[in-house]
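Structure, as structure tokens:
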Amino acid sequence: MSDRKYTVAILGATGAVGTRMIEQLEQSTIPVGEIHLLASKRSAGKTLQFKGQDVVIEEAVPDSFNGVDLVLASAGGGVSGRLLPEAVKRGAVCVDNTSLFRMNDNVPLVVPEVNPDAMAQHHGIIANPNCSTIQMVVALEPIRKQYGLKQVIVSTYQAAGGAGQSAINELYTEAQAKLDGKPMQAEILPVKGDKKHYPLAFNLLPQIDVFEEADYTHEEWKMIRETKKIMLGDKFAKDIKVTATCVRVPVPIGHGETVYFETAQEPTPAELKQLLATAPGVVVEDDPATQLYPQPINAEGKRETFVGRIRADVENPGSYHMWVVADNLLKGAAWNAVQIAEELVKRDLIHVPAGSAELFADAQA
């Protein structure tokens, strides 16, 4: 057992995910020798705490990664594209929470309960999947392994927090305005950079991210392609059909999903419940007689993925429904990233293979 201590940098340390990465790292098994908290120039000089000690926030620049072993990043795709290749060049292994590298063939897309072996092939960057994808595959992978999986149809009920702390703040402001009989002002959702904005309070928005090919949103395509890449190693795999409809709901934190799936075999719902009850990272909350089922308000602040309403489709033998809930900022982001880092340490994979930096040169363009 190595007694090595690691120098860790958190890129985007002041954001909704970044602050949770600090908390999750504090509670992790990673032996941290030194911590660097990196953010934009406007946050530099302020302090945050790590294990009870004040740590001064530094402006994130390429030389911030000199001597760093491990980077946990959640500062947006533009920042990751500019700085993570620089970190890799300096010998740091990076776990990136943005979507920038997820579909890159040189970057493993990892959920530790599902495909931990994929990280052995890293070239300095491992991608953290989309929050909605993570909780879904944690619940589906045990079923795929045991009974085979032919098709997945998912509808998501995604919290405002998936769009950052500013979206949570806007939800609260809109709700208060509505209760006060004032007009609601929307500036962020459904997509900050898009042409129109709509209030989320007392509303539902069937758009997460921009519209793309075949009128699916970018979020919906993410779920489709990421699920295939994580489970089958190929984002275009045909072995499992996946389709998604993603909806933003007026909940601060915690995504819900109705997942309809078709298996190769025909287990009973009781067998599915038993299987999931022993699955890593899963908590089954499923007792209709006592109205027990997962709720975002109860999942907030927890690392696990909660599953309930497991039942057979009475019209289609071999097809089933379940309801999946998780804290999108923890299992969907900060905890999954730290969990990947724990696994990298455990497997002695905190090293960058020669020639890796050149693979990501175009990310900086």
Side-chain angles (χ1 to χ4, degrees), residues 12-20 39-43 46 48 74-79 97-99 130-136 154-223 243-258 293-302 323-334:
T14 58
V17 174
T19 54
R20 286 165 174 81
S40 64
K41 191 173 185 176
R42 68 177 179 273
S43 295
K46 297 175 183 173
L48 287 170
S74 188
V79 176
N97 195 54
T98 77
S99 62
N130 182 43
C131 45
S132 303
T133 306
I134 290 173
Q135 67 188 67
M136 185 175 77
V154 58
S155 295
T156 71
Y157 304 72
Q158 293 180 229
Q165 186 62 45
S166 58
I168 296 176
N169 296 343
E170 183 169 272
L171 170 63
Y172 291 153
T173 302
E174 289 168 353
Q176 192 60 58
K178 181 74 170 175
L179 293 170
D180 292 341
K182 297 174 183 174
M184 295 188 286
Q185 302 292 329
E187 297 176 0
I188 296 171
L189 296 172
V191 183
K192 189 167 187 181
D194 217 339
K195 296 177 281 296
K196 291 182 178 178
H197 299 102
Y198 302 114
L200 181 61
F202 304 97
N203 198 16
L204 299 170
L205 298 173
Q207 179 191 357
I208 299 180
D209 220 315
V210 295
F211 285 101
E212 295 182 337
E213 177 193 347
D215 291 338
Y216 282 68
T217 64
H218 186 54
E219 185 84 357
E220 290 157 355
W221 278 119
K222 277 189 213 173
M223 290 199 74
T243 193
T245 300
C246 296
V247 181
R248 190 77 73 188
V249 300
V251 169
I253 294 171
H255 290 350
E257 299 171 346
T258 57
Y293 37 74
Q295 299 172 53
I297 202 167
N298 297 327
E300 185 177 346
K302 297 187 174 77
W323 170 244
V324 182
V325 172
D327 184 322
N328 56 294
L329 298 178
L330 285 186
K331 184 52 189 168

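No experiment lies behind these values; they were computed from the predicted model shown. Note that the numbering runs from 1 along the sequence shown for the chain.
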| task | For E187, enumerate each residue passing the salt bridge (charged side-chain N to carboxylate O under 4.0 Å, His left out) test, keeping only those at least two apart in sequence or located in another chain. | result | none

| Approximate separation, where rounding is to 0.5 Å, of K331 NZ and I134 CD1 | 6.0 Å

| task | Drop me the distance from T258's OG1 to Y157's OH, to the nearest 0.5 angstrom. | result | 4.0 Å

| task | Could you tell me the separation between the SG atom of C131 and the CG atom of L330, rounded to the nearest 0.5 Å? | result | 11.5 Å

| note | So CD of Q135 and CG of N328: to nearest 0.5 Å the spacing works out to 7.5 Å

| said: I'd like to check the side-chain hydrogen bond (donor to acceptor under 3.5 Å, both in side chains) partners of T14; sequence neighbours left out, ordered by chain and number. | reply: none

| Looking at side-chain heavy atoms only, is the closest gap between P190 and Y198 below 4.5 Å? | yes

| query | Tell me, do F202 and L179 make a side-chain contact under 4.5 Å, heavy atoms counted? | reply | yes

| message | Rounded to the nearest 0.5 Å, what separates atom OG1 in T133 from atom CE in M223? | response | 4.5 Å

| task | Hey, could you give me each pair passing side-chain hydrogen bond (donor to acceptor under 3.5 Å, both in side chains) that has a residue in residues 206-219? Not counting sequence neighbours. | result | N130-E219, Q158-E219, D194-Q207, E212-H218, Y216-T243, T217-E220, E219-K222

| side chain to side chain contact (heavy atoms under 4.5 Å, CB included), paired with L200, selected from R248, E170, M184 | R248

| query | CG of N97 to CZ of R20: how many Å apart, nearest 0.5 Å? | reply | 12.0 Å

| remark: With sequence neighbours left out, the residues meeting side-chain hydrogen bond (donor to acceptor under 3.5 Å, both in side chains) with N169 are Q165

| What residues form a side-chain hydrogen bond (donor to acceptor under 3.5 Å, both in side chains) with Q295, not counting sequence neighbours? | none

| query | Checking side-chain contact (heavy atoms from CB on, under 4.5 Å) for the pair E257/V324: CA distance, chi angles, key distance, verdict? | reply | CA-CA 5 Å; E257 299 171 346; V324 182; 4.2 Å; yes

| Does S166 have any side-chain hydrogen bond (donor to acceptor under 3.5 Å, both in side chains) partners at least two apart in sequence or in another chain, and if so, which? | none

| task | Flag the pair P199 / L171 as yes when at least one side-chain heavy-atom distance between them is below 4.5 Å, and no otherwise. | result | no

